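These notes concern the structure reproduced below.
Keep in mind that the numbers below use all heavy atoms, side chains included, and drop hydrogens, waters and symmetry copies. Quick note on labels: first sequence line is chain A, next is B, and so on, each numbered from 1. Not measured: the values here are computed from a predicted model.
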There are 2 protein chains.
Amino acid sequence: MVGTAIRTAIGSRRASAAGRETRERILDAAERLFAESGYSNVSTRQIADEARSNIAAAHYHFGSKEGLLEAVLGRRLDGINAERERLLTQCMRDAGGRPAIQDVLEAFIGPTLRLSKTEEGRRFNLLTGRASTDPNPEVKRILFQVYDSVGRCFVEAAAAACPDLSKAELFWRLTCVYGAMMYIRADNGRLQHLFGPGFTLSDVDGALKYAMPFLTTGMQAPPSAAAAPDATPSRREDD
Amino acid sequence: MVGTAIRTAIGSRRASAAGRETRERILDAAERLFAESGYSNVSTRQIADEARSNIAAAHYHFGSKEGLLEAVLGRRLDGINAERERLLTQCMRDAGGRPAIQDVLEAFIGPTLRLSKTEEGRRFNLLTGRASTDPNPEVKRILFQVYDSVGRCFVEAAAAACPDLSKAELFWRLTCVYGAMMYIRADNGRLQHLFGPGFTLSDVDGALKYAMPFLTTGMQAPPSAAAAPDATPSRREDD
DNA sequence: CCATAATTCAAGCATCTGCTTCAAGCAAGT
DNA sequence: ACTTGCTTGAAGCAGATGCTTGAATTATGG
């Protein structure tokens, strides 16, 4: 029987100090390697080696490679997403249901962006940024699950902050915001390469000073229906 | 000796009609599977099966899995990137070196965006969108090579269109633009999931109508140094 | 101190990976 | 007709993959 021992370990009931320690070492190693090479390109053997541990130990603690990824993400995201939800509901409450869009963006993007101030936080952002476009069904499932709740809060708050936008327009604008945020995190190096040394996406201050205002301005732009000459204002293509 | 036969095949000298046909079938199959599951998650065997062909045939025509990806990308991107470069230099010339930013964005993003009007084009955008954050060194190398030239043109044209922006600010704004574009292409389904049925990133008209104006507005925003209260205008942090 | 449970280990299993080999098939050009 | 070189096929290689096994080791509560 596999079940009992693993479940108690995973549920971390009665876990020994030594057990917890190697558990953390494995999580650290997996985080580092997943961020560097992507989930599919890392083997459980590599992770065990990097953690100065054993493959079986990893499976004992996490059940499977998929479970390991889930634990790696949960370890940091649980706290961060709770913080984001707290900030989002708070700025909704403080503004009586009509928050400023910059507060909404700050509440959603700020907490993850600021992670990049530490090296391990930067690595974690790289991991989640890359995972966000990972086609592997296991990865997709885990991300959907982890981000579902805070994502809903964000969309709701953004809609409240931009009541003049149609649902379709909000969808496209948030797509741009989401995409920019993820791209900054995934940090593929293309633009750094074109701009030369000295420009890096892990520069949190630069992101806060330049990227956030760009996104805020875009969100505040008047609805396209009014600006676009070919739009028929009487006929909305959503809802 | 491996060399001679493969090189002539790869250089497609003296290729027979039958040879060209299976070559295309393999490219189609690889494109479809790479787009669907990502480069690392697809095996040469799957590709051969999907193409109703043989592993050896794939290696005969493309030398390696890496060479196959290169061919898949080159088949479509060579034309598209040439078109983008043509449009970029044209709008630079027409405007006497001071193009409008919306023309620059349209020249860079438009050609790829419009690909999504056909099913196979949509699939190709999915492939390149996902590849853009792929950590696999083979994938990165190929993308850098393929996008280097047109990327340079784009940055140059954008800089000419926004002469008031510092290099750092341009860097961050283009990062947002690039990120939004890639995210639309990679189409991970997160926001569609939150917005419900009827919202899709392959809706080219929606992207042109809503996403492009968002990005244009963001690029046209006044420099952050002026807007941000904590910025010291006399001290630029770049160049 | 010792029984019981938690943890780690070396070894192995079945399957898959990219790629190669070598023989057979095919389409010309002469 | 027949040689020549391009193209495909079946089989196989060495190594990697996720995961399991069963025994050994370690920690901990009684």
Side-chain angles (χ1 to χ4, degrees), chain A residues 1-27 29-30 33-34 37-71 136-139, chain B residues 1-27 29-30 33-34 37-71 136-139:
Chain A
M1 279 298 97
V2 183
T4 66
I6 286 189
R7 266 196 223 103
T8 57
I10 288 177
S12 68
R13 278 182 297 187
R14 227 188 298 221
S16 78
R20 252 176 286 120
E21 209 229 292
T22 56
R23 212 186 114 97
E24 287 296 311
R25 270 214 321 281
I26 292 172
L27 283 176
L33 290 172
F34 284 158
S37 308
Y39 178 75
S40 305
N41 298 313
V42 173
S43 71
T44 53
R45 261 162 259 260
Q46 282 176 268
I47 295 171
D49 287 354
E50 173 95 4
R52 280 160 298 120
S53 174
N54 187 282
I55 317 172
H59 279 96
Y60 170 76
H61 283 289
F62 305 102
S64 66
K65 191 186 174 187
E66 194 174 342
L68 178 53
L69 175 62
E70 208 161 344
N136 188 316
E138 303 171 23
V139 178
Chain B
M1 279 296 101
V2 183
T4 67
I6 287 190
R7 268 199 221 102
T8 57
I10 288 178
S12 68
R13 278 183 296 187
R14 225 186 304 216
S16 79
R20 252 177 284 121
E21 208 228 293
T22 56
R23 212 187 114 98
E24 288 296 310
R25 271 215 319 283
I26 293 172
L27 283 176
L33 291 171
F34 285 159
S37 309
Y39 179 75
S40 305
N41 297 312
V42 173
S43 70
T44 52
R45 260 163 260 258
Q46 283 176 267
I47 295 171
D49 287 354
E50 174 96 3
R52 282 161 298 120
S53 173
N54 188 282
I55 317 172
H59 278 96
Y60 170 75
H61 283 289
F62 306 102
S64 65
K65 191 185 175 188
E66 194 173 343
L68 178 52
L69 176 62
E70 209 162 344
N136 188 316
E138 303 169 24
V139 179

[N] [atom2] sits how many Å from [X] [atom1], rounded?
X: A/H59; N: C/dT7; atom1: NE2; atom2: C1'; value: 16 Å
X: A/R23; N: C/dA6; atom1: CZ; atom2: P; value: 15 Å
X: B/Q46; N: C/dG18; atom1: CD; atom2: P; value: 8 Å
X: B/R20; N: C/dA27; atom1: CZ; atom2: P; value: 13 Å
X: A/N41; N: D/dT17; atom1: CG; atom2: C1'; value: 13 Å
X: A/F62; N: D/dC19; atom1: CZ; atom2: P; value: 13 Å
X: B/Y60; N: D/dT8; atom1: OH; atom2: P; value: 8 Å

Practice problem: Only counting residues at least two apart or in another chain, list the ones meeting side chain to side chain contact (heavy atoms under 4.5 Å, CB included) with B/A48. | Solution: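 B/A48: side chain to side chain contact (heavy atoms under 4.5 Å, CB included) contacts with B/I55.
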
Practice problem: Check each residue of residues 51-58 of chain A for a non-hydrogen atom within less than 4.0 Å of any atom in DNA chain D, then write out the ones that pass by number, or none. | Solution: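 By residue number: A/I55, A/A56.
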
Quiz item: Which comes earlier along DNA chain D counting from the 5' end, the contact point of B/R45 or that of A/Y39, where each point is its nearest nucleotide?
Solution: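 Per heavy-atom nearest nucleotide, the more 5' residue is B/R45.
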
Would you indicate, yes or no, if [N] has its OP1 or OP2 atom less than 4.0 angstrom from a side-chain nitrogen or oxygen of [X]?
X: B/S43; N: C/dT17; result: yes
X: B/H61; N: D/dC6; result: no
X: A/T22; N: C/dT7; result: no
X: B/T44; N: C/dC19; result: no

Self-check item: Qualifying residue for side-chain contact (heavy atoms from CB on, under 4.5 Å) with A/F34, from A/V139, A/N41, A/V42
Solution: A/V42

Practice problem: State the CG-CD distance between A/L69 and A/E138, to the nearest 0.5 angstrom. | Solution: 8.5 Å

Exercise. Quick one: closest heavy-atom pair of B/E50 and B/A29, and the distance?
Key: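 Here B/E50 and B/A29 meet closest at CG-CB, 3.4 Å.
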
Practice problem: Determine the minimum heavy-atom distance between A/S64 and A/H59, stating which atoms define it. | Solution: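 So the two residues come closest at CA-CD2, 3.9 Å.
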
Quiz item: Just wondering, do A/F62 and A/E70 contact through their side chains at under 4.5 Å, heavy atoms?
Solution: no

Quiz item: Is B/E24 paired with B/R20 through a side-chain N to carboxylate O contact shorter than 4.0 Å?
Solution: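 Between B/E24 and B/R20 there is no salt bridge, as every charged N stays at least 4.0 Å from the carboxylate O atoms.
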
